[in-house]
Amino acid sequence: MRTTTVEDTIRTFVEYYEERGHRRITGSTLLPPPGDPVLFTTSGMHPLTPYLEGRQHPLGQRLVNVQRCLRTTDLEEVGDATHLTVFEMLGTWSLGDYEGPRSLEWGYDLLTEGLGVDPDLIHATVFGGDGQVGLDTASLEVWQRRGVPVERTVEDNWWSNGPTGPCGPDSEIFVWTGDTPPQSTPTRDDRWVEVWNHVMMRHRRLGDGTLVPLPQRNIDTGLGLERLLALLQGVDSVFECDVFTPWRERLPGLWHLDEPSLRLVSDHLRSAVVVTGDGVRPGNTGRAYVLRRLMRRVLTTLWRDDPTRQLTDLPQELVRHTLDHFRQSADPDEVRRVLLDEERRFGELLQRGRRILDRPRFRGPLDEEDFHYLHDTHGLPRDLVVSLRGDN
Ligand code: SER
């Protein structure tokens, strides 16, 4: 594979689709439009939902973009080779224009010819059909024609944004990351890493579970940028691709962390910067609580080995680099101030918590009433109480 930087990769992707009639839309904030049920944008299609449902997009029927996304469902997996909280999705859309086979053909050509992925390392999956929607033969035929091995699944090849709304069968492209020649299939061997999902977004699920056709047949694709970079740059995890180079250069000299902790701290701090840069402030509900949780996980990890570690030592260059990378106009000093305030608040909460839990009443096993009391009277959430007592 060819080595390429993050900027080159984004440029190659966007230009490839621009040459095929797509217009670039500006990748937007992590905050979904008002009325959207999710807390954060989790996929490039989010800001496009009204257009997938039939509204005319001002830039036409073929679109391409780079969208920052945040997924907290994967929080516990951050630290493995492929999961991040904030990541970027390279996306393409056909809004009632071309169909799935063309999308797959272009995607395959871009990966192999444009980006240099070895065709022998590619595996595809397609929707195998269920009681409501049949086997995706159009996608299956593309892969068979191209000589790409293909696996059929049901749940794994159906994409939806939530229990209701636009959805459809998808065909996913996997790349082999093992040291041995490729073997088995994506559902049986996780060395097949999913990089690109092509969704035939042509149904809408109603509240009662039934499917109705959308007014137009769309294609919605999403390619995980950091996963792709790890493959193109020949490294073993998303944390080693060039997006994380400044973090890898600066953090180990600052705090001596084992690899899993280094990954968690880099990921969560970077995400906290981006979320703050999009205007969120730490708090106890909704988005604010997601930010608070990210910060607390960072601080708990840092203080576990050395309680004297502090975020004032965090190089401002990392904050600035992150905001620049995501084209955010937030003031780096203000973002830093938010992180430091949260650190101070959490430090005070821990101190208070330790003092309170030291009282004789809380030394033995705690019941529900104790947890409620600690939460309601002293502002100590259950998970914090549990971890503080675990520390004792
Ligand atoms: N919406 C699909 C996904 O998030 C493709 O972009 O995987």
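Position 1 is the first residue of the sequence; numbering continues from there. Whatever order the structure lists ligands and atoms in, that order sets their numbers, starting from 1.
Ligand 1 lies under 4.0 Å from heavy atoms of Ser43, Met45, Arg71, Met89, Trp159, Asn197, Val199, Asp220, Thr221, Gly222.
In this pair, Tyr373 and His378 present their aromatic rings perpendicular. The plane angle is above 60°, beyond the 30 to 60° band. Ring-plane geometry between Phe13 and Trp196 is classed as tilted, the angle between the planes lying from 30 to 60 degrees on a 0 to 90 degree scale.
Looking at residues two or more places apart in sequence or on another chain, you find a side-chain contact (heavy atoms from CB on, under 4.5 Å) between Thr187 and Glu151, Thr153, Asp156, Thr185. Asp97 is linked by a side-chain contact (heavy atoms from CB on, under 4.5 Å) to Gln61, Arg62, Ser94, counting only residues two or more places apart in sequence or in another chain. Under the side-chain contact (heavy atoms from CB on, under 4.5 Å) criterion, Val265 pairs with Leu251, Trp255, Leu257, Leu269, Val298, Thr301, Leu302, sequence neighbours left out.
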Could you go through Arg11 and Glu18, starting from their C-alpha distance and side-chain angles, then the distance that decides it, and tell me whether this counts as salt bridge (charged side-chain N to carboxylate O under 4.0 Å, His left out)? CA-CA 10 Å; Arg11 191 174 323 109; Glu18 283 176 343; over 6 Å; no
